[in-house]
Amino acid sequence: MKLRRLAVTTAALGLAATVAAPAAFAAPASAHAHKPLGEKSLAEVLLADGDTFDHNWNDYDILTEAVLAVLKAKPDSAVGVLADGSTPLTAFLPNDRAFQALTKDLTGTRYWSEKRVFTKLVAAAGVDAIEAVLLYHVVPGATITKRDAAKANGARLKTAQGGTIKVRVYNRSVPIIELKDKDYNDANPFLDPRALDINKGNKQIAHGIVFVLRPLDL
């Protein structure tokens with residue numbers, strides 16, 4: 001399975017354990033230097049509503065469980081940076097519906113329970129591959145706000161997984177922003193305009209997205 005091969009390749013290159021700052025957003029990150037940013041971590045935000053599955057497909061329960069599963073299996077994983085609020089980063093957060101779509105692509109079946117989606121995803125991909133996918137959603141070293149993102153048309157973001165994401169801005173005022181990943185046959189994620197600047201005012205910031213970013217062509 002390609003996702004499993006991704007995990008093997010990532011580990012071999014040492015990418016999963018390396019968090020390097022992306023040059024593309026060094027300037028936006030420094031733009032906030034005049035106003036000290038807080039150190040509330042994104043892990044605190046994700047766990048704020050508890051460690052449970054529910055019936056709301058627009059929140060981040062499956063993502064939260066995926067992070068916890070990786071850290072349980074691999075306590076030293078670079079995914080742990082999400083719990084270190086002193087480390088600047090920007091994360092793109094796929095909602096539960098996004099993981100439902102990914103699991104259907106991997107298994108051929110659409111599951112209607114968040115827990116079932118999660119368990120089938122882990123069974124299909126494995127923890128190592130899930131770790132690599134999670135790290136592909138993290139841009140370390142930069143606190144990219146909604147305003148920064150709206151000005152970033154054409155930027156290439158270096159991720160903690162080692163791959164890149166290209167930014168396409170269609171509308172700056174709404175904003176309508178597409179993230180181009182490495183899967184050229186499926187729809188690219190867009191930032192969810194209703195879920196931007198999550199944890200704003202802190203060094204770690206996040207934006208909701210409507211599909212899972214894919215580090216390879218599935």
Side-chain angles (χ1 to χ4, degrees), residues 1-11 16 42 46-47 49-74 77 79 82 91-139 157 159-168 170 176-196 198 206-218:
M1 179 178 293
K2 290 183 178 180
L3 274 181
R4 292 189 186 275
R5 290 202 297 273
L6 165 68
V8 172
T9 302
T10 300
L42 285 175
L46 290 173
L47 289 169
D49 64 348
D51 175 18
T52 58
F53 295 112
D54 57 28
H55 301 290
N56 177 11
W57 290 92
N58 295 312
D59 60 8
Y60 309 102
D61 301 319
I62 297 172
L63 172 65
T64 302
E65 293 296 330
V67 170
L68 293 174
V70 168
L71 292 177
K72 181 178 179 180
K74 306 174 73 172
S77 169
V79 171
L82 295 172
F92 300 107
L93 309 182
N95 60 23
D96 296 332
R97 187 72 71 189
F99 278 104
Q100 182 190 45
L102 174 63
T103 304
K104 182 180 184 300
D105 282 353
L106 294 176
T107 67
T109 302
R110 184 178 296 277
Y111 298 97
W112 296 99
S113 152
E114 291 181 359
K115 185 175 182 179
R116 288 273 285 171
V117 169
F118 174 72
T119 56
K120 293 297 182 179
L121 177 63
V122 173
V127 171
D128 288 343
I130 290 173
E131 176 190 39
V133 170
L134 292 176
L135 290 172
Y136 189 60
H137 288 73
V138 176
V139 179
L157 307 181
T159 74
Q161 178 267 341
T164 58
I165 302 166
K166 186 175 180 181
V167 180
R168 174 85 183 270
Y170 292 92
I176 300 175
I177 302 172
E178 180 184 24
L179 301 178
K180 294 189 175 184
D181 60 19
K182 298 301 181 182
D183 191 331
Y184 306 108
N185 302 317
D186 284 287
N188 288 309
F190 279 76
L191 269 62
D192 182 350
R194 301 165 298 179
L196 302 177
I198 297 169
H207 308 292
I209 56 176
V210 297
F211 290 112
V212 177
L213 286 163
R214 306 180 185 203
L216 47 69
D217 189 358
L218 298 178

Whether Phe53 and Phe118 hold their rings parallel, tilted or perpendicular, with breakpoints at 30° and 60°: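 The arrangement is tilted - the two ring planes meet at 30° to 60°.
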
A side-chain contact here means heavy atoms from C-beta on lying under 4.5 Å apart; do [X] and [Y] qualify?
{"X": "Ile165", "Y": "Tyr136", "answer": "yes"}
{"X": "Leu157", "Y": "Phe92", "answer": "yes"}
{"X": "Arg116", "Y": "Thr103", "answer": "no"}
{"X": "Arg214", "Y": "Asn185", "answer": "no"}
{"X": "Glu65", "Y": "Leu121", "answer": "no"}
{"X": "Trp112", "Y": "Gln100", "answer": "yes"}
{"X": "Asp96", "Y": "Val117", "answer": "no"}
{"X": "Val133", "Y": "Pro215", "answer": "yes"}

Can you name the nearest heavy-atom pair linking [X] to [Y], along with the distance?
{"X": "Glu178", "Y": "Tyr170", "value": "OE1-OH, 2.6 Å"}
{"X": "Pro189", "Y": "Asp181", "value": "CD-OD2, 4.0 Å"}
{"X": "Ala98", "Y": "Pro94", "value": "CB-CB, 3.8 Å"}
{"X": "Asn95", "Y": "Val210", "value": "OD1-O, 4.4 Å"}

Identified side chain to side chain contact (heavy atoms under 4.5 Å, CB included) partner of His137 from the options Thr159, Leu93, Ile209: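 Between His137 and the candidates, side chain to side chain contact (heavy atoms under 4.5 Å, CB included) is satisfied uniquely by Ile209.
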
Sidechain-backbone polar pair: Gln161 side chain, Ala132 backbone, donor-acceptor under 3.5 Å: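 A pair under 3.5 Å: no.
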
In Å and rounded to the nearest 0.5 Å, what is the [atom1] to [atom2] distance from [X] to [Y]?
{"X": "Asp186", "Y": "Tyr184", "atom1": "CG", "atom2": "OH", "result": "13.0 Å"}
{"X": "Leu42", "Y": "Ile198", "atom1": "CG", "atom2": "CD1", "result": "8.0 Å"}
{"X": "Leu135", "Y": "Ile130", "atom1": "CG", "atom2": "CD1", "result": "12.0 Å"}

Test side chain to side chain contact (heavy atoms under 4.5 Å, CB included) applied to Phe211 and Asp183, step by step: CA-CA 12 Å; Phe211 290 112; Asp183 191 331; over 6 Å; no

Verdict with supporting geometry, Lys166 and Asn188, side chain to side chain contact (heavy atoms under 4.5 Å, CB included): CA-CA 10 Å; Lys166 186 175 180 181; Asn188 288 309; over 6 Å; no

Side chain to side chain contact (heavy atoms under 4.5 Å, CB included) evaluation trace for Lys182 with Leu213: CA-CA 8 Å; Lys182 298 301 181 182; Leu213 286 163; over 6 Å; no

Criterion side chain to side chain contact (heavy atoms under 4.5 Å, CB included) on Val79 and Val138, from CA distance to verdict: CA-CA 9 Å; Val79 171; Val138 176; over 6 Å; no

Salt bridge present between Asp192 and Arg97 (N-O < 4.0 angstrom):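 Answer for the salt bridge query: no.
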
